[in-house]
Structure formats: C-alpha cells, structure tokens
> 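Before I ask anything, let me first share the structure, which is written out below as structure tokens.
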Amino acid sequence: QVQLVQSGGGSVQAGGSLRLSCAVSGYRPCTAWFRQVLGKEREGVAIVDSAGNSAYADSVKGRFTVSKDNAKNILYLQMNNLKPEDTGIYYCAARRSYGGGCSFYVPYSDWGQGTQVTVSL
C-alpha cells in the first residue's frame, strides 16, 4: 500500500521560500528528505527522528528546516533563501525500524513519489 505521499514544491526565484509536505503512514522512527540534482547522485538533505532530533546536509544548514507533526503524521521541509543549486527532485523517505540508526547512509524502505523544486535567478 502507498506509504508516503508528497505535496508542495514548484518554482521560485532565488532567495524565495517553498515548503514540502509528506504524509507518512504509521509509526516511523526515522524520516528524511533527499534530493536528486541533475547530473549528481541522490543526496541527503535533512533527517528527523521520532524524538525530534534533526540533522542537515552542510549545503542547507541555516536555510532549511525539517519538522514532523506527529499528530497528523506529516513530515515537512521548509526551505528558505533558496538557491539555483537547490533545483532538483525532492523525495521524502522513511524507515520502518531503527536498526543502524537514523542517518542518510542507512536503507530507507519507503519513498515518496518525488516533487520538483526549481529555483531561478
């Protein structure tokens, strides 16, 4: 069954803001945002665990904020001061177990459908 459903994204000028949402079914000890930038490998953007601890890629620190509304089971990514190099397809992801910890480098079992973010000069 469908586990993660994304919404949000779109196009914005540099310096602007966007918010991504991801409806997550069930309890997930670890949820994250990844992005696929053209010509590059998929990279981790932000992580939040069930305790609310978060971590970010260096490239987005101070500009992006990850959060999770546990009552609604929605994961968010608030993106401020967007840059053209943030352009790409963004995916939410979730783990079903905590084995191995919560990082960009462990397997994620469920993925959202992806949403395009385009930042222009």
> If every non-hydrogen atom of Gly9 is compared with every non-hydrogen atom of Thr115, which pair is closest and at what distance?
CA-OG1, 4.1 Å

> Over all heavy atoms of both residues, which pair between Leu121 and Ala14 is shortest? Give the atoms and the distance, please.
CA-CB, 4.4 Å

> I'd like to know whether Ser17 forms a side chain to side chain contact (heavy atoms under 4.5 Å, CB included) with Arg19, so could you lay out the CA-CA distance, the side-chain angles of the two residues, the decisive distance to 0.1 Å, and finally the verdict.
CA-CA 7 Å; Ser17 298; Arg19 188 175 79 161; over 6 Å; no

> Could you see if Trp33 belongs to whatever hydrophobic cluster contains Tyr56? Use Ile, Leu, Val, Met, Phe, Trp, Tyr and a side-chain cutoff under 4.5 Å.
yes

> Roughly how far, to the nearest 0.5 Å, is CG of Asn73 from OH of Tyr27?
11.0 Å

> How long is the span from the CZ atom in Phe104 to the SG atom in Cys30, to the nearest 0.5 Å?
9.5 Å

> So, taking the atom named CZ in Arg35 and the one named CD1 in Ile89, what distance separates them when rounded to the nearest 0.5 Å?
12.5 Å

> Side-chain heavy atoms under 4.5 angstrom apart, residues restricted to Ile, Leu, Val, Met, Phe, Trp, Tyr: same cluster for Val66 and Val117?
yes

> Would you say that more than 12 heavy atoms from the other residues, nucleotides or ligands in this model lie under 6.0 Å from the CD of Glu85, or not?
yes

> Under 3.5 Å, is there a donor-acceptor pair between the side chain of Gln113 and the main chain of Gln6?
yes

> Are Asp110 and Arg28 close enough, and set up right, to give a side chain to side chain contact (heavy atoms under 4.5 Å, CB included), and what steps lead you there?
CA-CA 10 Å; Asp110 299 298; Arg28 305 305 180 104; 2.7 Å; yes

> Examine Tyr105 and Phe34 and state if one hydrophobic cluster contains both, with Ile, Leu, Val, Met, Phe, Trp and Tyr joined whenever side-chain heavy atoms are less than 4.5 Å apart.
yes

> Main chain of Asn81, side chain of Arg63: is a donor-acceptor contact present, judged purely on distance under 3.5 Å?
yes

> Say whether, by atom type as modelled, one donor and one acceptor occur between the side chain of Thr87 and the main chain of Val119 under 3.5 angstrom.
yes

> Is it true that Asp86 and Lys83 have a side-chain N and a carboxylate O under 4.0 angstrom from each other?
no

> Any chance you could measure Tyr108, atom OH, to Ser103, atom OG, to the nearest 0.5 Å?
6.0 Å

> Please report the closest heavy-atom contact between Arg95 and Gly101, naming both atoms and the distance.
NH1-O, 2.6 Å

> Parallel, tilted or perpendicular: which one describes the rings of Tyr91 and Trp111, with boundaries at 30° and 60°?
perpendicular

> Work out which heavy atom in Asp49 is nearest to a heavy atom in Cys102; give both atom names and the distance.
CB-SG, 4.0 Å

> Atom OH of Tyr90 and atom CG of Leu77: how far apart are they, to the nearest 0.5 Å?
7.5 Å

> Does Phe64 form a side chain to side chain contact (heavy atoms under 4.5 Å, CB included) with Leu82? I'd like the steps, not just the answer.
CA-CA 9 Å; Phe64 289 14; Leu82 282 158; 3.8 Å; yes

> Which distance, rounded to the nearest 0.5 Å, do you find between the CG of Leu18 and the CD of Gln78?
8.5 Å

